[in-house]
Amino acid sequence: MNQKVIAARDFDLYLNFDALGVAFKVETGANFSANITGDTEDIGAFSTDEPIGTDNGGNTYDINFSLQQAEAQVILDALAAATQANADGPVTHIRQIVDAATITAVWHRRRDIPAVSSVETYTGCTGVEEGDSVERRGTETLKSWRFRAKGKTRKTVPL
């Protein structure tokens, strides 16, 4: 029987920055979203009201997630150390990551027979936005990151 629901505990997120060459597994993720959008236009012709075709244009891949501030600081510290000798100085925020990251989202379907994982990998990622969230009397502090990717692959592999 195939699994119809995947719990958040069966989701993993990995970040791999070219400057580091090693993937970080996000351990404290609070949320994740990935949206694929693009420009779709109808193609018209003389003597007809109905479109004769559709131009689906290119795709835009937007990835948003947040994680605990302490884990984000560890990642930023590693990036800063690895890029210390850069001409522009060390990386201090994700907007300085240009086509230099890979983000991998993994959904584990442990109850499938055989058990499998669906792996979606976003490549050529550029940092678009970084934000901090702290609430008075809150129990956590979050860092949010938004990336735009150039491409996406998807595969299903045995667990």
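- For E71 (side chain) and E27 (main-chain N/O), a donor-acceptor pair under 3.5 Å exists by modelled atom type.
- Counting heavy atoms from C-beta on, the side chains of D12 and H108 come closer than 4.5 Å.
- The list of salt bridge (charged side-chain N to carboxylate O under 4.0 Å, His left out) pairs with a residue in residues 120-135, not counting sequence neighbours, reads E120-K152, E120-R154, E129-R146, E130-K143, D132-K143.
- Residues L15 and I75 form a side-chain contact, since some pair of their non-hydrogen atoms from C-beta on lies under 4.5 Å apart.
- Note on I113: it does not cluster hydrophobically with W107, by side-chain heavy-atom contacts below 4.5 Å among ILVMFWY residues.
- Considering every non-hydrogen atom in both I52 and A45, the closest pair reads CD1-CB, 3.6 Å.
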> Could you walk me through whether S117 and R109 pass the side chain to side chain donor-acceptor pair (under 3.5 Å) check?
Replying inline: CA-CA 6 Å; S117 294; R109 298 191 323 249; over 6 Å; no
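- Ring geometry for F17 versus F147: interplanar angle of 30 to 60°, hence tilted.
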>> Does E41 form a side-chain contact (heavy atoms from CB on, under 4.5 Å) with T54? I'd like the steps, not just the answer.
In response: CA-CA 6 Å; E41 295 183 34; T54 302; over 6 Å; no
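- Judged as a ring-ring contact (aromatic ring centres under 6.0 Å, His included), and not counting sequence neighbours, F24 has no contacts.
- Using a 4.5 Å heavy-atom cutoff, the side chains of D18 and L20 are not in contact.
- Side-chain atoms of Q84 do not come within 3.5 Å of backbone N or O of A81 as any donor-acceptor pair.
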>> T37 vs T60, test: side-chain contact (heavy atoms from CB on, under 4.5 Å). Steps then yes/no.
In response: CA-CA 5 Å; T37 60; T60 301; 3.6 Å; yes
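- For the pair T83 and L79, the tightest heavy-atom approach, listed with the atom from each and the gap, is OG1-O, 2.7 Å.
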> Going through the checks in order, is the side-chain contact (heavy atoms from CB on, under 4.5 Å) test met by L13 and T104?
Replying inline: CA-CA 6 Å; L13 183 63; T104 304; over 6 Å; no
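- For K150, the side-chain contact (heavy atoms from CB on, under 4.5 Å) test picks out D99, with sequence neighbours left out.
- Both Y14 and V157 are assigned to one and the same hydrophobic cluster, defined by single-linkage of ILVMFWY side chains at heavy-atom distances under 4.5 Å.
- Residues P90 and A80 come closest through the heavy atom pair CB-O, 3.5 Å.
- Residues Y61 and G151 share a closest heavy-atom pair of CE1-CA, 3.7 Å.
- Put simply, the residue from L142, N31, V26 that forms a side-chain contact (heavy atoms from CB on, under 4.5 Å) with L67 is V26.
- Other residues, nucleotides and ligands contribute over 12 non-hydrogen atoms within 6.0 Å of the CG atom of D55.
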